[in-house]
Amino acid sequence: MADAYDLSVIVPTFNEEANIAAIIDAVNGVLSWSGIHGEVLVVDDDSRDRTIGIVQEIAGKRDNVRLIVRGEDHGLSQSVVEGFGAARSDILLVIDADFSHPPELIPRFYEAIRGGADIAIGSRYMQGGDIEDWPLARRLISLGATVFGRILFPEVTDPVSGFFAVRREVVSGAPLAPRGYKILMEVLGKGRWDSFTEIPFVFKDREEGQSKLRPDTVTDYLRQCAGIVRYSMTRRAGPVSREWEKIVRFGLVGSSGILVNMGLLYALTEVAGLYYLVSAAIAIELSIVNNFVWNDIWTFKSARDLRLGRNLQRFWSFQAVSMGGLVINVGILYLLADVAGVYYLIANLAGILIAFAWNYAANRHYTWRGA
Ligand code: GDD
Ligand code: MN
């Protein structure tokens, strides 16, 4: 039965009487103009208002609309996971009922998965994405959650988005431990996936009804992050460890470069008798070579292409990124120490960290593209 439809649109609801009829209508409208044979699956947590009655009535008239009313273990994530299990297609999409997520983008998610992505994420934080009408406090909380999430998934700009689509294989059999609001994090952390795409969208705050965000959402979220970290420790091939293994290796290689640099600076100056700035230039260049070789055969070995031209191309790219990193490091040192008056050793540490982030990101995306 899992392929009775091409797409399952899962709409979790709790007290959405003001929006539910309109969102089902909007989703169905999009499905019909885009020619997607899709179903709408409303997963309700036993709403106290008229939501259930309204959906029942629509479901009585339209074959592709279904309602699940949950009696226990209430929660947004739990509801979404239940929707995954009940869906009758192999592409699962989640959208809020309150029009915060624009339904007209549904075909783009669908095409992204059809085109090969395992997960398609609606992002508020990439170019073209935005949030409208959120009070500052809400923005800050969300940004905090996002920053935290990005530590786990550095490649994903909006790992806590509620608007996303996944291929069924990603979640079927995955040990999802849904709690709280951030089901996407759980899917990213424990699902089986290789590739993802992000689709920018503008999040609009609801006009009808109220947000169901409660204070314990924050503790739930932290517990969830901890759970994903714990899970990743025992699973070296999991998505979190896959990225973090590269970051750690890149850091270790960088440290080896510091040793090479210092050793050469000493040897060339003291033993070979060169002027120390000349030694330094040679030491820097050779440490770049050292780092390149180790990153190439170890950190990013999956992206190696042994053709000579490609090797050289990677080397020049790494060299350019490293020079950029050097400029960033010294630039930040100067700005913080001279302009902002920060103690220079602390300023240098900040420079090193930011240069490291730059070096990693630029090399990951450019030099060893596809690693
Ligand atoms: N079944 C069920 N159970 N649905 C729920 C529950 C619940 O306990 N709580 C909320 N919902 C439904 C709402 O009816 C709505 O369709 C959707 O889930 C989002 O709920 P909101 O209360 O509108 O959430 P929000 O706007 O504060 O949060 C949004 O932004 C977050 C990212 O910052 C949502 O999009 C979240 O999914 C997203 O993570
Ligand atoms: Mn909302």
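Atoms within each ligand, like the ligands themselves, are counted from 1 in listed order.
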* To do: May I ask you to decide whether Asp296 forms a salt bridge with Lys301, counting only side-chain N to carboxylate O separations under 4.0 Å?
  => no
* Asked: Are the side chain of Tyr221 and the backbone N or O of Ala145 linked by a donor-acceptor pair below 3.5 Å?
  -> yes
* Structure fact -> Quick look: Arg70 vs ligand 1, heavy-atom contacts under 4.0 Å, and the answer is neither
* Between Arg206 and Phe99, is there a donor-acceptor pair closer than 3.5 Å when you use the side chain of the first and the backbone of the second? -> no
* Asked: For ligand 1, which atoms, with element, lie under 4.0 Å from some heavy atom of Gly75?
  -> 3 (N), 7 (C), 8 (O)
* Return the minimal non-hydrogen interatomic distance between Val43 and Gly83, and the atom names on each side. => CG2-CA, 3.9 Å
* Any sub-3.5 Å donor-acceptor pair from Ser317's side-chain atoms to Gln313's backbone N or O? -> no
* To do: Classify the angle between the aromatic ring planes of Trp368 and Phe292 as parallel (below 30°), tilted (30 to 60°) or perpendicular (above 60°).
  => parallel
* **Distance, nearest 0.5 Å, that separates CD1 of Ile10 from CD1 of Ile95** => 11.5 Å
* Asked: Is the ring centre of Phe163 less than 6.0 Å from the ring centre of Phe201?
  -> yes
* **Presence of N, O or S from Asp205 under 2.8 Å of the Mn ion (ligand 2)** => no
* Relative to the heavy atoms of Arg124, which atoms of ligand 1 are at a distance of less than 4.0 Å? -> 32 (C), 33 (O)
* Do the side chain of Arg364 and the main chain of Phe300 share a donor and acceptor less than 3.5 angstrom apart? -> no
* Asked: At a 4.0 Å threshold, what atoms of ligand 1 neighbour a non-hydrogen atom of Val43?
  -> 1 (N)
* To do: Kindly indicate, with the supporting measurements, whether the criterion side-chain contact (heavy atoms from CB on, under 4.5 Å) is fulfilled by Ile332 and Leu353.
  => CA-CA 10 Å; Ile332 287 178; Leu353 283 176; over 6 Å; no
* Structure fact -> Counting from 1 in the order shown, the ligand 1 atoms closer than 4.0 Å to a non-hydrogen atom of Trp134 are 33 (O)
* Looking only at distances, please establish whether an N/O atom of ligand 1 is found under 3.5 Å from an N/O atom of Arg138. => yes
* N/O to N/O below 3.5 Å, does that happen between Asp98 and ligand 1? -> yes
* Asked: Any nitrogen or oxygen of Phe203, main chain or side chain, under 3.5 Å from a nitrogen or oxygen of ligand 1?
  -> no
* Asked: At a non-hydrogen distance cut-off of under 4.0 Å, which region of Val160 contacts ligand 1 (side chain, backbone, both, or neither)?
  -> backbone
* Taking distance alone, with no angle check, do His101 and ligand 1 share an N/O pair under 3.5 Å? -> yes
* Asked: Taking side chain as C-beta onward, heavy atoms only, is Val187 less than 4.5 Å from Val166?
  -> yes
* With atoms numbered from 1 as shown, which atoms in ligand 1 lie under 4.0 angstrom from a non-hydrogen atom of Phe14? -> 4 (N), 5 (C), 6 (C), 14 (O)
* What are the atoms of ligand 1, with element, lying closer than 4.0 Å to any heavy atom of Ser79? -> 1 (N), 2 (C), 3 (N)
* Does His74 reach ligand 1 with a nitrogen or oxygen that is under 3.5 Å from one of the ligand's nitrogen or oxygen atoms? -> no
* To do: State the atom name: nearest N, O or S atom of Asp98 to the Mn ion (ligand 2).
  => OD2
* Show which atoms of ligand 1 fall inside a sub-4.0 Å distance from at least one heavy-atom site of Arg206. => 21 (P), 22 (O), 23 (O)
* Option of least heavy-atom distance to atom 4 (N) of ligand 1 (set: Thr51, Val11, Thr13) -> Thr13
* Structure fact -> The atoms of ligand 1 lying under 4.0 Å from a heavy atom of Glu16, numbered in the order shown, are 13 (C), 14 (O), 15 (C), 16 (O)
